[in-house]
Amino acid sequence: MILGIDTSAGRCGVALVSDGMVLAELSEVMERGHAERLFPLIEAVLQQAGAAVQDLKRIAVCTGPGSFTGLRIGVAAARGLALGRGVPAIGITRFEAVAAGVTRPQLARSTGADDGPTESDPPASSRSQPRSLQAKVGWAETRPVAVALAGRGAVFLQCFAPDMVPLAKPALVAVEALSAQPDRDVRIGDGWSLAGLTTALASAGHADPAIVAGLAAERTPGALPAPLYLREADAALPSEAPPVLLD
């Protein structure tokens, strides 16, 4: 079983995936309070699936970009759970998760196809029935993919080849810079609307924790996940000198 966690962008979401099936998933919209809600959601998802922490074989977490506090909470929780269980912790960027939610139609409810949850979907508690994680099929585009995620007064941008291999490192760009992106790119993400540009495929800007877990199932474990920060923290540093440490 793989536990997927997303606390990157105004949400706190958890999903449990096993053998190509999403066993349970819960998500709450929130700007603050991830630390208080994350572990209760994990416990609820495990309970719904009739599973225990001891059943987890991997922990997957969305590493951002996104909220500084949210990212730290999600990554720390994933690393802590993985350390306690002695299993791999695997990080998936929000660029990868958002792109996979559109370019890889791998998520389907047991009653039919589904491209993943959107803002208009019913509450997560009513979407917790099992869903199948289908193999990569149906993506016939041969153009590069450009993922633009809305930030505060700017946009997070990363471009991928048609097979989703990164063409460049993720970057923080001005909203105006999106107009300079090649027209041939397949536009994905919620950042394009900030520049008055349409997307070729409908896409929200949040990461589905089930997709995060599904992508982690394919990854070879490596370095521990770390938050992907592309901008400076909004909080100002204190003007006073730090206290002197006594020996």
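Computed from heavy atoms alone, side chains included, the values below leave out hydrogens, waters and symmetry copies.
Annotation: side chain of I42 is in contact with side chain of I5 (closest heavy-atom distance under 4.5 Å). The shortest distance between side-chain heavy atoms of L26 and V45 falls below 4.5 Å.
A donor-acceptor pair under 3.5 Å is formed between the side chain of Q158 and the backbone N or O of A168. Remark: side-chain polar atoms of D190 are paired, donor with acceptor, to backbone N or O of A150 under 3.5 angstrom.
For R11 against S27, the heavy-atom pair with the smallest separation is NH1-OG, 3.2 Å. Taking each heavy atom of L38 and G74 in turn, the nearest pair found is CD2-CA, 4.4 Å. A216 approaches I90 most closely through the heavy-atom pair O-CD1, 3.5 Å. The two residues L16 and M1 come nearest to each other via the heavy atoms CD2-SD, 3.9 Å. Contact record, I211 with A100: CG2-CB, 3.9 Å, taken as the closest heavy-atom pair. When every heavy atom of Q48 is checked against every heavy atom of A24, the shortest pair comes out as OE1-CB, 3.8 Å.
For L71, the side chain to side chain contact (heavy atoms under 4.5 Å, CB included) test picks out S8, P227, Y229, with sequence neighbours left out. F39 pairs by the ring pair (Phe, Tyr, Trp, His ring centres under 6.0 Å) definition with nothing, not counting sequence neighbours. Listed by chain and residue number, R94 satisfy the side chain to side chain contact (heavy atoms under 4.5 Å, CB included) test with A9 (two or more places apart in sequence, or in another chain). Shown here are the salt bridge (Lys or Arg N to Asp or Glu O under 4.0 Å) partners of D183, two or more places apart in sequence or in another chain: R187. With sequence neighbours excluded, no residue forms a side chain to side chain contact (heavy atoms under 4.5 Å, CB included) with R32.
Here the options are D6, T93, D208, T7, the test is side-chain contact (heavy atoms from CB on, under 4.5 Å), and the partner is C62; only D6 passes. The residue from V61, V87, V212, L56 that alone fulfils the side-chain contact (heavy atoms from CB on, under 4.5 Å) condition with L3 is L56.
Counting side-chain heavy-atom gaps under 4.5 Å among Ile, Leu, Val, Met, Phe, Trp and Tyr, the cluster of W192 also holds V155, L157, V173, V175, L178, L194, L197. Hydrophobic cluster membership of L167, counting Ile, Leu, Val, Met, Phe, Trp and Tyr whose side-chain heavy atoms lie under 4.5 Å apart directly or via other members: none, as it forms a cluster of its own. The hydrophobic cluster containing L83, built from Ile/Leu/Val/Met/Phe/Trp/Tyr side-chain heavy atoms closer than 4.5 Å, comprises no other residue.
The CZ atom of F95 sits 11.0 Å away from the CE atom of M164 when rounded to the nearest 0.5 Å. Between atom CD1 of residue I92 and atom CG of residue L228 there is a gap of 12.0 Å, rounded to the nearest 0.5 Å.
A chain of hydrophobic side-chain contacts below 4.5 Å, direct or via other Ile, Leu, Val, Met, Phe, Trp or Tyr residues, connects L23 to V14.
For residues 53-63, the set of pairs meeting the side-chain hydrogen bond (donor to acceptor under 3.5 Å, both in side chains) definition, not counting sequence neighbours, is empty. Residues in residues 60-79 take part in no salt bridge (charged side-chain N to carboxylate O under 4.0 Å, His left out) pair, two or more places apart or across chains. Annotation: salt bridge (charged side-chain N to carboxylate O under 4.0 Å, His left out) contacts involving residues 34-50, sequence neighbours excluded, comprise E28-R37.
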> For Q181 and C159, what are the C-alpha separation, side-chain angles and deciding distance, and is it a side chain to side chain contact (heavy atoms under 4.5 Å, CB included)?
Replying inline: CA-CA 10 Å; Q181 286 297 122; C159 296; 3.5 Å; yes
